[in-house]
Amino acid sequence: MQTAIKRIIFFAAIIAFWEIGSRLEFWHPLIFPSLSSVFSALVEGFQDKTLIYDLIASFKRLAVGLTISLIIGTLIGILLGKSKTADETLGAVILALQSVPSIVWLPLAIMWFGLNEKAVIFVTILGGTFVMALNMRTGIKNVSPLYIKAAQTMGATGIDLFTRVIFPASIPYVVTGSRLAWAFAWRALMAGELLSTGPGLGYTLRYASDFGRMDIVIGVMIIIGAIGMIVDQFIFQRIEKSVIKKWGLES
Amino acid sequence: MFIEINDVNKQYNDKENRPVDVLKDINLSVEKGQFVSILGPSGCGKSTLLSIVAGLTKTTSGHIQIDGKTITKPGKDRGMVFQQAALFPWLTVMENVTFPLKKEMKKKDAEETALKYLQKVQLGKYISHYPHELSGGMQQRVAIARALAMNPETLLMDEPFGALDEQTRSRLHGQLETIWTETKKTILFVTHSISESIKLSDRIVVMGTKPGIILQDITVDIPRPREEHKKEMLEIEEHIMKYLKKEIDKVVSEELQYANSH
Ligand SMILES: Nc1ncnc2c1ncn2[C@@H]1O[C@H](COP(=O)(O)OP(=O)(O)OP(=O)(O)O)[C@@H](O)[C@H]1O
Ligand SMILES: [Mg+2]
């Protein structure tokens with residue numbers, strides 16, 4: 001409760017400063033529009049449904065991109081976790097690629113797929129894949145040898161051992177990997193849309209910027225941030241917490 | 001003999017990659033249905049020996065036969081209970097106990113079998129709990145039920161009650177004794193508690209350390225329930241104490257040496 005009160009006071013102060021500052025013209029509205037104009041831009045966007053179409057378009061791309069990146073990431077992670085040779089070769093490459101912001105792939109993606117949805121989805125996939133792969137790999141490597149030994153004395157070997165023990169034992173890392181993959185994919189998607197074609201939140205943001213509509217720009221930024229935070233806090237952190245508890249990883 | 005351990009040696013490499021003897025010339029025969037404790041100071045190789053019998057660790061030389069068959073890998077004929085319960089946290093108590101039964105039984109039969117053994121350890125009411133919702137003693141009982149449920153000929157137990165408090169431990173001793181009398185499994189029970197080994201076993205194999213060797217093989221000929229024969233138990237305890245003291249002194253002086261040289 002304490003934190004909630006602190007937060008409310010903090011946000012109220014920011015909002016008050018923003019609105020009062022704008023009204024007293026501490027800064028020009030073209031440089032930073034007032035809260036009320038941002039708010040009405042948002043209302044207008046939702047009323048004429050443009051923002052709703054943008055949201056749907058963005059989420060469609062994200063759903064496709066994130067799903068593919070989770071599947072590929074999991075498979076690569078399993079390969080790295082199980083094969084020492086793959087880990088020593090491909091693993092090093094994945095580690096390097098993970099530190100490259102996926103948006104830098106866009107020029108190549110545009111060459112390969114054209115300036116279209118495919119290029120944006122490709123960048124989104126790259127955004128999530130590597131972090132998922134690295135977490136999956138760590139998960140598999142960190143499975144307690146005790147679980148494996150216990151399973152072996154109960155007759156589990158090979159694929160059976162993997163699907164019934166090693167993979168489920170690494171679920172906490174799968175959840176963390178998915179959470180980070182979502183965050184990276186979301187950022188990659190917004191960057192991709194910003195530089196590509198619409199509809200989509202990122203596209204609308206650039207379109208508004210071209211017309212000097214900073215109220216819409218800030219409105220869309222708020223939406224992007226709010227979605228990122230809500231999905232992280234209310235979906236992934238909750239799953240992560242319950243998994244950590246169930247898997248006995250609480251300290 | 002049911003279990004035959006023949007000239008087993010085990011070496012591990014130390015940090016400088018020099019081989020160190022962990023088990024040296026271990027020979028041991030165990031009759032079917034016998035309850036044998038393996039007793040010895042920390043680090044003498046008890047877990048290693050048990051793990052070799054389980055088929056989880058390879059010998060450097062020598063071999064082990066059970067019922068005439070040489071052990072090369074783990075098998076369901078040997079159930080193992082570890083010091084930590086080693087339950088799978090993502091499975092319920094019931095799912096943990098049916099884990100080894102999935103392949104050979106229908107779901108319903110597996111669950112019936114599991115329930116039978118869970119009731120033997122007084123956990124029939126906890127089948128849908130997850131391991132993290134159970135106390136340490138309860139978890140260990142589930143692990144025992146799980147090992148029993150696959151109906152192994154041999155039960156290997158590595159300090160199964162080591163992490164529990166005295167009262168829980170004493171209650172579980174009673175339960176284990178009952179289970180053993182009912183099922184007549186052959187049990188190899190690793191412990192470093194002298195009183196625990198005297199209370200439970202037909203025979204105590206005392207091990208010494210550096211390298212791990214068998215020092216003594218003591219038959220415990222006290223009728224059960226043993227609580228009624230405190231005097232005889234005490235005599236054996238003193239006898240073993242005297243023997244182990246030398247070994248423990250050895251460990252302590254080595255540790256002192258190590259501490260002084262670093
Ligand atoms: N994988 C390993 N690699 C190297 N040395 C090992 C390994 N496993 C065990 N050892 C060594 O072998 C010796 C015996 O270990 P073991 O775990 O069998 O002892 P223990 O009798 O079970 O001891 P405790 O009562 O403390 O459990 C120890 O000195 C240990 O350091
Ligand atoms: Mg041990």
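Keep in mind the model is a prediction, meaning the values are calculated, not measured. We use all heavy atoms of the structure for the numbers below, so side chains are in, but hydrogens, waters and symmetry mates are not. Throughout, protein chains are lettered first and strands after them, A, B, ... in sequence-line order, and every chain is numbered starting at 1.
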Where Pro74(B) and Gln152(A) come nearest, the two heavy atoms and their spacing: CB-O, 3.4 Å
Neighbour count >12 (heavy atoms, 6.0 Å) for atom NZ, Lys76(B): yes
More than 12 heavy atoms from other groups under 6.0 Å of NZ on Lys241(A): no
Beyond-backbone contact of Lys149(A) with Met80(B), side-chain heavy atoms, under 4.5 angstrom: no
Within 6.0 angstrom of Lys245(A) NZ, more than 12 heavy atoms from elsewhere: no
Residue Gln167(B) excluded, over 12 heavy atoms near CD under 6.0 Å: no
Over 12 foreign heavy atoms within 6.0 Å of NZ, Lys116(B): no
Interface moiety of Glu133(B) toward chain A, non-hydrogen atoms closer than 4.5 Å: neither
Crowding at CZ, Arg187(A) (>12 non-hydrogen neighbours, <6.0 Å): no
Validation row: Lys103(B), Asp160(A) side chains within 4.5 angstrom (heavy atoms): yes
Heavy atoms from other residues, nucleotides or ligands near OH of Tyr126(B) exceed 12 (cutoff 6.0 Å): no
Atom group of Phe99(B) that falls short of 4.5 Å from chain A, counting heavy atoms: both
Gap separating the CZ atom of Arg164(A) from the CD atom of Glu95(B), nearest 0.5 angstrom: 10.5 Å
Phe88(B) to Tyr147(A) - nearest heavy-atom pair and separation: CE2-O, 3.6 Å
Under 4.5 Å from a heavy atom of chain B, the part of Ala156(A) involved: side chain
Toward chain B, the part of Val243(A) with a non-hydrogen atom under 4.5 Å: neither
Side chain proximity check, Phe82(B) to Leu146(A), heavy atoms < 4.5 angstrom: yes
Crowding at OH, Tyr53(A) (>12 non-hydrogen neighbours, <6.0 Å): no
Per-residue contact mode, Leu87(B) against chain A (heavy atom under 4.5 angstrom): backbone
